[in-house]
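Beneath this line is the structure, given in structure tokens, with notes to follow.
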Amino acid sequence: MENNDNQPQETKTEEIKTEEIKTEEIKTEEIQEEITKMETQTETTTPELFEKNMAVIVLRGRFAGRKAIVCQQANRGNDKYSFDRCLVYGIERYPKRIIRRHTLKQKERKSRIKPFVKVVNQKHLLPTRYKIDLELPNDLVTGEKYDDPAKRKQLKTQLRTVLKKQFLTGKNRWFFSKLRF
Amino acid sequence: MPPKNKKLAQEGIGNKLAVVMKSGKYFFGQNQCLKSLRKKSAKLVVISNNCPPLRRSEIEYYSLLSGCSVLKFKGSNVDLGRSCGRYFRASVVTIIDPGDSDILDLSKAN
């Protein structure tokens with residue numbers, strides 16, 4: 001009689017325990033989902049003045065007066081840079097004017113472009129209302145490549161060929177012409 | 001009666017600025033103005049009438065990009081500074097939080 005009474009009680013407690021564990025697991029999953037949702041929401045809320053593909057003019061430094069295009073934008077945080085900055089690529093040495101009279105060899109020479117890639121403080125950039133999409137591959141200019149000096153060099157040589165192609169299509173003339181001041 | 005209306009309008013702006021000075025968040029000067037415009041935190045920029053043209057156009061362009069309204073104060077930097085209750089000149093006043101003031105409605109109406 002006593003044994004019969006004990007057994008059902010034990011099973012009940014076991015059932016309760018497993019149920020509790022299951023509910024706890026579900027809760028942690030839900031919480032994690034909510035957390036990820038909130039994180040993604042906070043990532044997308046604040047709009048920035050400097051957007052991707054925005055045409056920009058560098059105001060200070062070696063490349064002052066050069067036109068550039070914004071690749072990435074980042075705010076100051078606990079990382080390497082203590083300022084709001086943009087990863088920017090532009091033209092250091094502009095291509096020269098090409099006339100019909102020029103020979104092929106001359107044209108090839110005159111259409112050479114020397115690009116630059118730089119992380120610039122937003123203070124030293126003049127934003128414009130224009131956007132230039134040169135249709136570069138997405139992973140061509142990235143912050144990771146910029147950080148590694150060897151990769152940065154490689155990046156610039158890649159950019160040289162890409163920008164030259166773009167210049168020879170005749171589109172985005174404004175970007176490939178020197179700013180007169 | 002245009003002159004009287006102008007005077008009343010001027011007083012109106014002055015009163016509203018006074019309320020902002022008490023209850024709101026604001027900055028004086030071009031540097032902080034551009035900083036807040038880059039952050040898109042500025043709601044209104046008040047520019048005096050003798051603000052140098054290059055500075056004025058720069059601020060107007062930035063505020064165009066960041067969707068901030070610009071209010072042209074009908075007075076010099078001396079007058080603007082006094083309207084804000086300060087003893088210095090102010091060519092540019094950036095308002096980040098108007099507090100209890102309705103100065104933003106004024107600029108929108110214009």
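Chain letters run A, B, ... following the sequence lines, proteins first, then strands; residues in each count from 1. Being a predicted model, the structure only gives us computed values, none of them experimental.
- Cluster membership check: Tyr146(A) does not share its hydrophobic cluster with Phe116(A), using side-chain heavy-atom separations under 4.5 Å among Ile, Leu, Val, Met, Phe, Trp and Tyr.
- Between Tyr61(B) and Pro127(A) the shortest heavy-atom distance is CE2-O, 3.2 Å.
- Within 6.0 Å of NZ in Lys107(A) there are more than 12 heavy atoms belonging to other residues, nucleotides or ligands.
- Within a 6.0 Å sphere centred on NZ of Lys40(B), other residues, nucleotides and ligands contribute more than 12 heavy atoms.
- Between atom CG of residue Asp84(A) and atom NZ of residue Lys39(B) there is a gap of 4.0 Å, rounded to the nearest 0.5 Å.
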Checking side-chain contact (heavy atoms from CB on, under 4.5 Å) for the pair Arg129(A)/Leu64(B): CA distance, chi angles, key distance, verdict?
CA-CA 9 Å; Arg129(A) 61 189 166 95; Leu64(B) 173 109; 4.2 Å; yes

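- Between atom CD of residue Gln122(A) and atom CG of residue Leu34(B) there is a gap of 12.0 Å, rounded to the nearest 0.5 Å.
- Other residues, nucleotides and ligands contribute at most 12 non-hydrogen atoms within 6.0 Å of the CZ atom of Arg76(A).
- Phe167(A) and Tyr130(A) are not part of a single hydrophobic cluster, where members link through side-chain heavy atoms under 4.5 Å apart.
- With rounding to the nearest 0.5 Å, the separation of CZ in Arg38(B) from CG in Leu49(A) is 8.5 Å.
- At a 4.5 Å heavy-atom cutoff, the contact between Leu37(B) and chain A is made by backbone atoms alone.
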